[in-house]
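Encoded as structure tokens, the structure appears first; notes follow it.
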Amino acid sequence: MTDALDWLAPLVSLDRLAWLDPLAWLVVLPLGWATLAFVLGSGRGAWAALAGVSLQLWLAVELAGTILADGATPPVGASEMAAHHAVGGWGAPLGIDLAADGLSAAMLILTQMVALPLAVYARAYFKAGDPAGAWFWPLMGFLIAGLNALFVSADLFNLYVTLELVGLASVGIVAAGGGAQQLAAALRYLFVSLVGSGAYLLGVALIYGAYGTVSIATLTPLIAAEAPRLVWLAAGLMLVGLLLKTALFPFHFWLPPAHGSAPAPVSALLSALVVKASFYLILRLWIGPLEPLLPAAAAWLAALLGALAIFWGSYRAIRAVKLKRLIAYSTVAQLGYLFLIFPLLAQPAALQAGVMQVFAHGLAKAGMFAAAGVMIRATGQDTVAGLAGAVDRLPVTLFAFGLAGMTLMGLPPSSGFLAKWQIIEAALAQGYWIIAVVALAGGLLAALYVFRVLRQAFLVSGADVAERGPVPAVPRTLEWSAFVLAAASVLLGLRGVELMRLLGAGA
Amino acid sequence: MTSGLLFALVGVALFALGVAGVVLIAQLPRRILAFNLMGSGAFLVLVGLAQRGDLPDPVPHAMVLTGIVVAVAATALALALVRRLHALTGRLQLPEDDGD
Amino acid sequence: MSASEWLPLAVLASSLVPGLVIFALPEDRVATRTTLNLLGALAKLVLVLLLLAGVRAGETYGVRFAVLPGLDLAFKADALGLLFISLSAVLWLLTTLYAIGYLERAPHRSRFFGFFSLCVTATMGIAMAANLFTFFVFYELLTLSTFPLVVHRETSQALRAGTLYLAYTLIGGTVLLTGIVWLHHLLGHTEFAHTGVVAALGSEYAAQLQIIFVLLIVGVGVKAAIVPLHGWLPQAMVAPAPVSALLHAVAVVKAGAFGIVRIVYEVYGIEFAQSLSLLWPLALVAAVTILWGSLRALFQDDLKRRLAFSTVSQVSYIALGVALFGPIGTVGGLVHLVHQGIMKITLFFCAGNYAETLGIHKVSEMNGAGRRMPLTTVAFSIGALGMMGAPLTAGAVSKAWLSDGASAAGMEWAVWVLWTSSLLNAAYFLPILWRAWLRPASTPWPDERIPRRAWRETSRLLLLPPLVTAAATLAAGIFATAELSPLSWARLIAEREYLTSPAP
């Protein structure tokens, strides 16, 4: 018996990471099913995608478990990060190093957690022969692969490549099957994306010129030791490029058309995940290699822009005529919260608040766009006014919208509330009153646009309803997958302990 | 001034020209060209600044090659979109955004 | 999990679970929905009785979950919490019965009863919160779950009222949150504890603590409808009668008043609050509210609006009792929490009956209503007399303890406030009774409808609840010294938790 299984020994005894390393598989799997879906042809491959994303979710959770288990001894560099993998056996500098700490693992979990219900949603959303859905699955696969690769990349140049992969896949998915307006939005988005990553690339080039390396782990002590003026310029270029891609006010102009004109599942993916990828990178650089370069003023500038984003985004959402525009402007506002944490980063609570907000907004906004997709499908128009009486016809969807709205308003017991609480408390702890005030005011402004929609949905005008005739049936799957996303954003508010522990681990 | 630094400075200038083109030019094909100029500038900086001593450094070359692949892909995507827009509207410029 | 841990959770679940199931039910599953509602309400009553027996015997109940590192969702069922829980559990059962009758053929009943159950769950959470964080979670949940009830009729008037309600409560919630996070930052926790927790901070924080007190009281004062934060309450009258009952007696304004009690006694501690001189401004605000509410009520012709302003006035009796520094005032305030609930819910049930059966919405239409609907009008009269503080009613007990408390605390002016308010109460309630009993019905009723399954004057389910609460109003007054009366429980709380010697 023992002898017969001897041949298995090397496989079993081999470091499990060697062939079942979740880091590599999280990138390979989506590439695999995306390619498969592409080969299968137009509109096909949904099952491969669903299976793939489910597997990825499991891998991401597994990875987080490993990192939590190793978290007791915080390592220092990338090669010593809690999870680490050299692609094809080639290490840096010529090969590609993959590495993950608690922050990466959290982002990976969020990505798969949002992608799975959205995949279910998209399968029901795109009817057979719908040109918008023809190439959805390959594009979604490449997008997820890009995101996953971004979260596990350990060097600045590889991050550039993944950033471009995400950008190109996003543009493709926005443009797919659309009319002139949608194409125009996609092209605008493409140029912004290219300028943003171009600026980032130039920054990387300057950094390489100064230090001869792009590995984040190696750079961190080098920059801390000595930073020539060139490096300041590089840091500025990289950050501005990334801010452009994150759509921080006043760089937000491209986001509402792109997110507002794409089909609902696409808007959901973009708002929930894609803008968070460049934010993640900013955060990574800010608390990592660039930290010694950044003066307090830079953090305050970020917070100021964040505050302006909250006010301007909310104002535009309150005034928006179209439902999806409203939600897209709400994304502009919600991204603003993420930048309020920068002056507070001296305390770990600020980072926790930021990641909690990333989760809260990711889940809630995906749920909200998904719910909006249902409403648009049922009412036949993308306007807030068209929702009159929707509460009677689409109760589940309205409930989902309401739950997602709770998270965006930061009302308990939602993850948005926890994020708000953490931001306010970190602000008070460091004596920065103004940040607490902005966070609180932002919650009230969100209430204005969320309840604008809910209120309209409650409004009954009998004549209108009769005039509109029978309501097109909406697949139940659409309603419930929106509900699952929104409910997840609320339920996370009842238990954020594990997520916070993960952030502290393996960093 | 070493030749490497000269390359880098020219690269920065090209990059700046390219950005200005992408931002200012309304004609889409020319905008795409401007983007390519921008990319080339960044590559020139990457290769130029990395010139230390006599030995060539292989890493930036690998990076530039990768970068070129990315730029080609982006250009192809942009051209495809512009073609489609042209087919739909008959114009090579972006229409005004109709949203609120 | 031991009984002391699961009992509080079961109290929450007994309304949460039926609520969630009801949301999923199709509109026409009337029997299932009714069964679920009543089973939940009865189960809750049984659980509450278990808790009452346990707490009387000196048991403690509590359970907590970590939400974030250093931040717990924590529940406890103590004597004070149980006072509120018992009131809500009993009134929930009656209001559910009433609502089943009231909404017999109305649309959207699944939605209505679903949110109704969520409201009660939120109220239970508020009553059992063991720290300010948990209190806030359920306080906001209450706001959200009442909004769909206020706008239930889906008319533009209802939506206006709903929007106003949200504007007040969400801004109030933001103010409250500011206070809570600030306190959490200073203390490192926001637990409730007998005799308060903030005294430990030391005198250098006095100024900050005063500001936080104002933030907290303003935050809960919105729901308690303290003048000038009361504007939403009269507007919310467009909601169906069971919702008004819920807002006025079971959940919303009570949650605010209960919040004041918890904050004064278990966050600041009555002695410490007095030493920061926070109590006299609170007493002053309560007195102004009492008089202003009564005055405004005088001039309302709409019956429900008159009752609403009466609530504004009456709820501040609780705040006044709390602010009267002394054991007797405490007992008066606490007992009024219960007494106001049963009296006011009687009045709203009756107002609903008049509207549903005869189409009467205004005081000026009440002529002769007593002869047409004698039982309803008897119940209404008992409620109204109770509000005035007539002998043998629950109101008399509250007012006696409150005015004794005021004299004992040396705040003679508060006695005058109470007397003036009683006179005003009489001035706006007696004309209604006079019209109903003594004036003949001159014109036909505005909109007379004979409900199905009527018994005597109106539907059975509409008649039973007000008769029960009217009887309770009398019982609480006549048997005030009985062992399980609200008064005895209030004295138990005062005796056990706050002060050393609650002399009668």
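Using a 4.5 Å cut-off between non-hydrogen atoms, the part of residues 438-446 of chain A that approaches chain C consists of A:L440, A:L444.
Rounding to the nearest 0.5 angstrom, the gap separating the CG atom in C:L159 from the CG atom in A:L454 is 11.0 Å. Between atom CG of residue A:L418 and atom CG of residue C:L68 there is a gap of 4.5 Å, rounded to the nearest 0.5 Å. If you take CG on C:L144 and CZ on A:F451, they are separated by 5.5 Å, rounding to the nearest 0.5 Å.
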*Would you please test C:F65 and A:L494 for side chain to side chain contact (heavy atoms under 4.5 Å, CB included) and show each step?*
CA-CA 9 Å; C:F65 309 92; A:L494 291 173; over 6 Å; no
_Residues A:M500, C:V67; criterion side chain to side chain contact (heavy atoms under 4.5 Å, CB included); working and verdict_ = CA-CA 10 Å; A:M500 296 299 112; C:V67 171; over 6 Å; no
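With a threshold of 4.5 angstrom between heavy atoms, C:I171 approaches chain A through its backbone and through its side chain. Both the backbone and the side chain of C:P148 come within less than 4.5 Å of a heavy atom of chain A. There is no contact between A:A436 and chain C, counting heavy-atom distances below 4.5 Å. Residue contact with chain C, scored on non-hydrogen atoms closer than 4.5 Å, involves the backbone and the side chain of A:L428 alike. With a threshold of 4.5 angstrom between heavy atoms, C:L166 approaches chain A through side-chain atoms but not through N, CA, C or O.
In terms of heavy-atom proximity, A:A447 sits nearest to C:L170 at CB-CD1, 3.6 Å. When all heavy atoms of A:P413 and C:V137 are compared, the pair lying nearest together is CB-CG1, 3.8 Å.
Taking the six-membered ring where tryptophan is involved, the planes of A:F458 and C:F147 are perpendicular, since the angle between them exceeds 60° and thus also 30°.
Counting heavy atoms of neighbouring residues, nucleotides and ligands inside a 6.0 Å radius, atom CD1 of A:I434 does not exceed 12 of them.
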When the side chains of residues 211-219 of chain C are checked against the rest of the protein, which donor-acceptor pairs come out under 3.5 Å, sequence neighbours left out?
none

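Among residues two or more places apart in sequence or in another chain, the ring-ring contact (aromatic ring centres under 6.0 Å, His included) test is passed with C:F115 by A:F399, C:F23.
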Show the pairs of one donor and one acceptor atom, one from chain C and one from chain A, lying under 3.5 Å apart.
unit_1: C:A66; atom_1: O; unit_2: A:R495; atom_2: NH1; d: 3.3
unit_1: C:V67; atom_1: O; unit_2: A:G496; atom_2: N; d: 2.7
unit_1: C:V67; atom_1: O; unit_2: A:V497; atom_2: N; d: 3.2
unit_1: C:H108; atom_1: NE2; unit_2: A:D392; atom_2: OD1; d: 3.3
unit_1: C:L159; atom_1: O; unit_2: A:R455; atom_2: NH1; d: 3.3
unit_1: C:T163; atom_1: OG1; unit_2: A:R455; atom_2: NH1; d: 2.5
unit_1: C:H184; atom_1: ND1; unit_2: A:E425; atom_2: OE1; d: 3.3
unit_1: C:H184; atom_1: ND1; unit_2: A:E425; atom_2: OE2; d: 2.6

